[in-house]
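Down below is the structure, laid out as structure tokens.
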Amino acid sequence: MNDLLAKRYAKAILSRNDSDEFYEFLSSVNTAFSLPKFKEILNSYELKKDKKLELILSFFKELKPSFVNFLKILTQNSRLYLIPFVLEELRKQKALKEQIYSGIVFSKNEVDSSKLLELEKALSKKFAVNIKLTNKLSKDSGVKISLDELGYEISFSMQNLQMKMSDYILKTM
């Protein structure tokens, strides 16, 4: 349900000439959604909608009236929680428009930025599109590359490799 609503809002924003400004405004608000206390405030029934809107508007020094109206619509419909979903949908649509696909490299340790660039170049060449990778730390000892938008995923684990080599050696004896 959130995805459908976010797609509608994103579609409306993308049809505007100032969609890039909306994207920037939403990006700056989105950072607050990483704070549990902020989410708690927005989801609170004790706080009036006007106060929630004031809180979000306080993040900015200057805003376009069109963005303020957008926030008012979200507030009146009790949909402020959709901001991260709308932002993600805008990011996806913008990437599709510019032919840039995003992917995630999951690893136990931080991957060096030069290695990420090499991976980006290799995958971009393989798929004939532009790919932008980010690194996320995971508990697994292997490496996994996920390109959801292209439906591609590859993983490599030293444990699996060692098991396969042991099986192969045992079979040849």
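Residue numbers start at 1 and run along the sequence shown.
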State the [atom1]-[atom2] distance between [X] and [Y], to the nearest 0.5 angstrom.
X: Ile83; Y: Tyr81; atom1: CD1; atom2: OH; answer: 11.5 Å
X: Phe38; Y: Leu55; atom1: CZ; atom2: CG; answer: 5.0 Å
X: Lys7; Y: Lys92; atom1: NZ; atom2: NZ; answer: 7.0 Å
X: Leu57; Y: Asp50; atom1: CG; atom2: CG; answer: 10.5 Å
X: Lys136; Y: Ser146; atom1: NZ; atom2: OG; answer: 10.0 Å
X: Glu110; Y: Leu137; atom1: CD; atom2: CG; answer: 5.5 Å

Minimum heavy-atom separation for [X] to [Y], with atom names?
X: Phe25; Y: Glu62; answer: CE2-O, 4.3 Å
X: Leu87; Y: Ser27; answer: CD1-OG, 3.5 Å
X: Val105; Y: Leu119; answer: CG2-CD1, 4.3 Å
X: Leu133; Y: Ile104; answer: CD2-N, 4.2 Å
X: Ser34; Y: Pro36; answer: O-CD, 3.5 Å

Are the side chains of [Y] and [X] in contact, using a 4.5 Å heavy-atom criterion?
X: Lys108; Y: Lys139; value: no
X: Phe59; Y: Thr31; value: no
X: Lys121; Y: Lys125; value: no
X: Leu116; Y: Thr134; value: no
X: Tyr9; Y: Leu90; value: no

May I ask whether [X] and [Y] are part of the same hydrophobic cluster, defined by side-chain heavy atoms of I, L, V, M, F, W, Y residues being less than 4.5 angstrom apart, directly or through others?
X: Leu4; Y: Leu82; answer: no
X: Val143; Y: Val111; answer: yes
X: Leu117; Y: Phe106; answer: no

Is a side-chain donor or acceptor of [X] paired with a backbone partner of [Y] at a separation under 3.5 angstrom?
X: Asn77; Y: Ile73; result: yes
X: Ser124; Y: Ile131; result: yes
X: Lys52; Y: Leu42; result: yes
X: Thr75; Y: Leu71; result: yes

Are side-chain N/O atoms of [X] and [Y] paired as donor and acceptor at under 3.5 Å?
X: Ser78; Y: Lys49; answer: yes
X: Ser107; Y: Asn109; answer: no
X: Arg91; Y: Tyr23; answer: no

Selection residues 63-73 - residue pairs positive for salt bridge (Lys or Arg N to Asp or Glu O under 4.0 Å), sequence neighbours left out: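 Matches after skipping sequence neighbours: Glu21-Lys64.
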
Ring geometry between Phe70 and Phe22 (parallel below 30°, tilted from 30 to 60°, perpendicular above 60°): perpendicular

Validation row, ring centre Tyr101 to ring centre Tyr152 under 6.0 Å: no

Cationic N near anionic O, under 4.0 Å, Asp18 to Arg16: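 Result for this pair is yes, salt bridge flagged.
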
Leu147/Glu153 under side-chain contact (heavy atoms from CB on, under 4.5 Å): CA gap, chis, key distance, verdict: CA-CA 6 Å; Leu147 301 169; Glu153 184 177 296; over 6 Å; no

Residues, nucleotides or ligands: over 12 heavy atoms within 6.0 Å of Lys94 NZ: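 Yes, because the 6.0 Å sphere around NZ of Lys94 holds more than 12 heavy atoms from other groups.
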
Trace of the side-chain contact (heavy atoms from CB on, under 4.5 Å) decision for Phe85 with Leu5: CA-CA 9 Å; Phe85 299 104; Leu5 291 171; over 6 Å; no

